[in-house]
Number of protein chains: 2
Amino acid sequence: MEKRVHNFNPGPATLPLPVLKEIKENFLNFRGSGMSIVEISHRSTLFEEVINDAVDRTRRLLGLDDNYHVVFIQGSASLQFCMIPMNLALPGSPVNYINTGTWSTKAIKEAQIQGKDVKVIATSEDKNFSYIPYDYKVDNQASYLHFTSNNTIKGTQWHQFPDGQGVPLISDMSSDFMSRPFDVKPFGLIYAGAQKNIGPSGIAMVIIRDDMLKRTPDNLPTMLKYTTFIDNKSLVNTPPTFAIYVIDLVLKWLEETTGGLKEMERINKEKASLIYEVIDNSEIYQGTTEVKSRSMMNLTFRVGDEELEGRFLVEAVENGLIGLKGHRSVGGCRASLYNAVTMESVKSLVKFMREFEEKL
Amino acid sequence: MEKRVHNFNPGPATLPLPVLKEIKENFLNFRGSGMSIVEISHRSTLFEEVINDAVDRTRRLLGLDDNYHVVFIQGSASLQFCMIPMNLALPGSPVNYINTGTWSTKAIKEAQIQGKDVKVIATSEDKNFSYIPYDYKVDNQASYLHFTSNNTIKGTQWHQFPDGQGVPLISDMSSDFMSRPFDVKPFGLIYAGAQKNIGPSGIAMVIIRDDMLKRTPDNLPTMLKYTTFIDNKSLVNTPPTFAIYVIDLVLKWLEETTGGLKEMERINKEKASLIYEVIDNSEIYQGTTEVKSRSMMNLTFRVGDEELEGRFLVEAVENGLIGLKGHRSVGGCRASLYNAVTMESVKSLVKFMREFEEKL
């Protein structure tokens with residue numbers, strides 16, 4: 001067996017080991033074709049099976065009705081920040097955003113650059129984005145209400161999604177997509193960069209409700225129109241075939257090995273609670289967010305003073321625990337516990353955290 | 001040894017076997033990190049080495065001066081069709097295009113959608129794009145002159161690049177990038193989707209001359225501004241790390257194993273000439289382009305009547321020769337002989353073509 005570390009990277013992040021093994025095993029000869037997955041045509045039957053399977057699994061996992069489209073778009077979530085207002089802001093109607101951190105802020109900025117009538121109806125900026133603001137009022141004329149379901153950098157998560165009060169919800173779910181079941185119906189659009197819970201970097205999955213598509217103006221650039229991707233089933237040009245292949249394998253693992261989103265959520269809750277239990281019963285570890293807003297996916301904490309925290313991070317790496325440094329914009333520590341992070345990795349981190357404190 | 005076919009796909013296309021083997025070999029443990037290349041952080045030293053190496057190799061292979069920037073952008077060449085006029089069309093100045101086929105036509109359409117003053121100064125549409133039009137006059141006030149260096153679908157190639165007559169050249173080099181040396185100086189921007197000569201699908205390499213950047217308007221969406229990618233060294237958000245890793249390996253193979261672009265061109269010419277020799281001395285194979293415009297990369301031909309052509313394609317596949325069917329929009333046959341297509345594959349195709357004709 002190859003050496004494997006315990007990988008708590010925030011994204012690109014660890015992927016299920018059986019998936020990685022399958023990719024490796026078949027890398028020179030995909031399904032007996034005599035070609036690598038990276039060498040086959042995106043218009044071949046072989047690849048069509050892959051992309052259709054990925055879409056079908058997404059539909060089953062999320063329980064999507066026929067009025068939802070599933071497409072893959074390059075540019076990651078960041079390109080969606082501009083495509084959303086470009087396609088979905090109705091003329092003369094405000095767009096509503098809730099600001100819960102770095103990525104929400106970026107999404108808001110892109111709507112502002114386009115001169116849209118942006119209304120930020122709630123923000124947790126007053127306390128450095130350490131909580132989810134549940135107090136807000138949606139404009140009943142708004143084109144949509146945008147929020148970030150999980151805040152990778154700040155370590156908070158919406159445990160109950162906002163109520164759109166009749167306005168379609170749009171959510172950047174990059175860092176908790178497919179980590180738990182939820183009711184899709186209030187959503188006009190959901191998007192997620194793949195590199196956290198469902199695959200490698202370089203692609204976003206976008207789920208769009210059919211009625212939203214009527215809004216797309218005709219004169220947009222072809223590659224920035226949602227309708228282009230839907231009309232061509234994500235094959236308007238050559239898509240990132242490798243990334244879609246890996247996503248399909250991860251979704252297969254999620255559906256068949258893990259048993260779906262309900263079971264995944266149970267496991268994710270258990271993983272997170274093991275770490276939060278250490279934090280809550282410690283003299284040195286301190287969570288950085290409000291307890292009721294804290295994330296199951298990205299667990300942010302501090303370790304005593306700067307010096308102690310530095311030692312913690314160095315010793316973690318020495319113990320094969322990788323990716324625990326907080327985002328460069330906030331510092332501190334962060335354990336990202338995405339779907340593919342195993343219970344074994346979590347228990348290794350728990351053990352390390354306990355022993356680190358005990359020996360002080 | 002695994003079964004391998006002779007892969008003449010137009011893109012995604014075959015990659016050098018030593019590169020594929022290296023990816024497979026290291027897939028579970030990249031450079032001793034205990035993580036797969038798809039699991040490491042794009043901000044890690046490990047990945048920085050990869051992307052910097054890919055950029056440095058590009059600089060050496062093309063002989064780029066310091067006034068050229070090399071960046072990676074998602075969205076493939078198709079997104080560049082809209083980014084180019086958005087960033088580089090000067091107010092009140094026309095943009096010049098030469099139309100040599102499907103991809104040029106798409107590039108022109110995207111400039112028109114944005115309401116730019118598009119002047120198509122030459123086109124070979126009169127003869128179904130079967131030749132390169134060398135007769136044109138550039139507007140001396142033009143923002144740029146755009147052309148497609150090699151026409152993947154129509155099978156033509158610029159063997160001598162157009163003379164910009166003082167206007168910066170912009171070229172879509174997706175299907176012959178890194179297949180031959182050329183003088184970069186007249187170019188304001190060069191772009192190439194990776195999935196033909198340099199890597200897997202899902203990324204474009206863009207090379208921009210520094211003076212072009214002054215043109216970029218401030219109010220563009222962040223992810224559609226060239227300056228964003230240059231200021232952040234392609235790491236504004238999470239880039240397609242796997243694709244960049246593969247590109248780096250392919251460029252290493254090109255530089256160290258093949259010996260650079262001059263040697264690559266010699267080999268590519270030899271490969272193409274072997275196939276054209278069969279076509280030129282045949283009663284059944286017929287080239288579809290003017291001889292002096294024909295491509296070294298995508299060799300298009302017909303085989304007798306529809307029935308015979310159908311048999312040719314079926315028997316080719318039976319003989320392990322894959323991807324010879326022409327683009328669905330034009331029909332016929334096409335052999336794509338990108339850098340990674342081996343002489344052995346070409347000789348197998350020559351043998352098959354000869355034997356197919358002889359036994360008639």
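Quick caveat, the model's predicted, so the values are computed rather than measured. Computation of the quantities below employed the complete heavy-atom set of this structure, encompassing side-chain atoms and omitting hydrogens, waters and symmetry-equivalent molecules. All chains are named by letter (A, B, ...) in the order of the sequence lines, taking the proteins before the strands, and each is independently numbered beginning at 1.
For a residue to count as touching a neighbouring chain, one of its non-hydrogen atoms must lie under 4.5 Å from one of that chain's; by this rule A:Leu15 touches chain B with backbone and side chain alike. In this structure, the portion of A:Ser33 lying under 4.5 Å from any heavy atom of chain B is its backbone and not its side chain. For A:Ile244, no part lies near chain B; criterion is any non-hydrogen pair under 4.5 Å.
The residue among A:Leu79, A:Val236, A:Asn7, A:Asn219 with the most heavy atom pairs within less than 4.5 Å of chain B is A:Asn7. Across B:Arg43, B:Met86, B:His6, the residue that shares the most heavy-atom pairs under 4.5 angstrom with chain A is B:Arg43. If you tally non-hydrogen atom pairs under 4.5 Å between each of A:Ser41, A:Ser36, A:Pro200, A:Ser78 and chain B, the highest count goes to A:Ser78. Options A:Leu224, A:Asp218, A:Ile322 differ in how many heavy-atom pairs under 4.5 Å they form with chain B, and the most are formed by A:Leu224.
Below 30°, between 30° and 60°, or above 60°: for B:Phe242 and A:Phe242 the angle between ring planes is below 30°, a parallel geometry.
There is a side-chain donor-acceptor pair under 3.5 Å between A:Thr342 and A:Ser345.
Between A:Met297 and A:Asn197, some side-chain heavy-atom pair lies under the 4.5 Å cut-off. Within the 4.5 Å cutoff, the side chain of A:Ile37 has no heavy atoms near those of the A:Asn26 side chain.
Taking the six-membered ring for Trp and the full ring otherwise, the centers of A:Tyr97 and A:His146 sit less than 6.0 Å from each other.
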